[in-house]
Amino acid sequence: MLENLIATLKANPRSIVFTEGADPRILGAAARLKQDEILTPILIGNVEEVKTAAAAGAFEIDGIEIIDPLTYPEMDAMVQLMVELRKGKMSEEDCRKALSKGNYFGTMLVKMGKADALLGGATYSTADTVRPALQIIKTKPGNKIVSSCFILHRATAEGEEKYAMGDCAINITPSEDDLVEIAIETARTAEIFGIDPRVAMLSYSTLGSGKGDSVDMVRNATAKVKEAAPQLAVDGELQFDAAFSPVVAETKCKGSPVAGHANTFIFPDINAGNIGYKIAQRLGGFEAFGPILQGLNAPINDLSRGCNTEEVYKMAIITTALK
């Protein structure tokens, strides 16, 4: 699945900043990305610490830029820009202190156009990756929230299966309007991965078979998605079996433009989403790519703190290809 993204990156050279440059998983991925000539890695951290860690792991990082926030020659200009961006919410001292840390410093490199994308979270929490992005990069015009999706991929005898699932990692109890944003952004992400989105707004009810506030919320959100994105194939509220199985769809919601053939699934809350994608991953044998952050003005993504080098490598490709 990554081949098309790699081809795009090789044709359009881009750079990505890693906020935890001395981490062995980051170093292994960065060395491989440089060797494969896919993109340009930038490592944040103390230069000697990064080089020592690379030598200990036998990672070839010669030629990869390493930037130490504590010795960065343009720090004063970066601090002033951040003060302006925070508009009185952070003092100059607060900004300078924040920028001594890789998560804020890396985000400002993206904001200043010195890197195209950012990948963090090998040691930072999700909140510590998302917070600087919200404060500095901000959401795209028309977007009020940052959301996430996972791309589920599985090789088959016929080729491959690909699905998009959102939001499984960021918004705990999304509102009706949040679900609208999540659905539209997840459909856009799906397209980047070669998925022609057919969006199912999931619930424990199918087109009125169940009752409840959450059912009403999903049904109303579906109507708003259809109004906001009339070109998008979307239906709801749908139970997962009706969304996925043509046989069940024929019984429960015959004539639906999506039911039985959905490939982009929007969950009503993070409980359902997180559980759902992990069931697909573990029981279905799917590889899960993500969480892929959506709605920001620049491509920034979060790693799991339990990630391995292979996952960092793939997420770097995915993140940079989103630009």
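When every heavy atom of I26 is checked against every heavy atom of V312, the shortest pair comes out as CD1-CG1, 3.8 Å. A pairwise comparison of heavy atoms in M217 and S175 identifies SD-C, 4.0 Å as the closest pair. When all heavy atoms are compared, the tightest approach of M90 to V83 is O-CG1, 4.5 Å. Contact record, A29 with Y313: CB-N, 3.6 Å, taken as the closest heavy-atom pair. For the pair I38 and L9, the tightest heavy-atom approach, listed with the atom from each and the gap, is O-CB, 3.6 Å.
Looking only at distances, no side-chain donor or acceptor of D302 sits under 3.5 Å from a matching main-chain atom of T129. In terms of modelled atom types and a separation under 3.5 Å, the side chain of D68 and the main chain of L70 share a donor-acceptor contact.
To the nearest 0.5 Å, atom CG of residue N143 and atom CG of residue L296 are 9.0 Å apart. With rounding to the nearest 0.5 Å, the separation of OG1 in T320 from CG in L39 is 4.5 Å. We find the CD1-CG distance between I318 and L2 to be 5.5 Å, quoted to the nearest 0.5 Å.
Ion pairing between a basic and an acidic side chain is recognised when a charged N comes within 4.0 Å of a carboxylate O; D177 and K144 show no such pairing. A salt bridge links R219 with D216: the distance from a Lys NZ or Arg NE/NH1/NH2 to an Asp or Glu carboxylate oxygen falls below 4.0 Å. Of the charged side-chain nitrogens involved, none lies within less than 4.0 Å of a carboxylate oxygen, so that R86 and E84 do not count as a salt-bridged pair. Taking 4.0 Å as the cut-off between side-chain N and carboxylate O, K114 and E65 do not count as a salt-bridged pair. Using a 4.0 Å cut-off between charged side-chain N and carboxylate O, D235 and R198 make no salt bridge. Between R188 and E185 there is a salt bridge, since a side-chain N of the basic residue sits under 4.0 Å from a carboxylate O of the acidic one. One finds a salt bridge joining K252 and D241 here, because a Lys/Arg side-chain nitrogen approaches an Asp/Glu carboxylate oxygen to under 4.0 Å.
Not less than 6.0 angstrom separates the ring centroid of Y277 from the ring centroid of F267.
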Please walk me through it: do L202 and E237 pass side-chain contact (heavy atoms from CB on, under 4.5 Å)? CA-CA 6 Å; L202 296 178; E237 80 284 6; over 6 Å; no

Given the rule in the salt bridge (charged side-chain N to carboxylate O under 4.0 Å, His left out) test, do E287 and K314 qualify, once you have shown the distances and angles that lead to the verdict? CA-CA 11 Å; E287 187 171 8; K314 291 177 178 177; 2.7 Å; yes

Would E310 and R32 count as a salt bridge (charged side-chain N to carboxylate O under 4.0 Å, His left out) if you check the C-alpha gap in whole Å, the side-chain angles of each, and the deciding distance to 0.1 Å? CA-CA 10 Å; E310 182 71 12; R32 184 177 167 193; 2.7 Å; yes

Quick one, E49 with K51, criterion salt bridge (charged side-chain N to carboxylate O under 4.0 Å, His left out). Give me CA distance, side-chain angles, the key distance, then yes/no. CA-CA 6 Å; E49 288 180 5; K51 288 183 176 180; over 6 Å; no

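No side-chain donor from either of E161 and H153 sits under 3.5 Å from a side-chain acceptor of the other. Looking at S147 and D167, their side chains never bring a donor and an acceptor atom within 3.5 Å of each other. If you check the side chains of Y104 and Q135, you find a donor sitting under 3.5 Å from an acceptor. With hydrogens and angles left out, the side-chain atoms of Q294 and T186 include a donor and acceptor closer than 3.5 Å.
Within a 6.0 Å sphere centred on CZ of F244, heavy atoms belonging to other residues, nucleotides or ligands number 12 at most.
Between K111 and M82, the closest side-chain pair of non-hydrogen atoms is not below 4.5 Å.
Note on ring orientation: taking the six-membered ring where Trp is involved, the planes of Y163 and F265 are tilted (angle from 30° to 60°).
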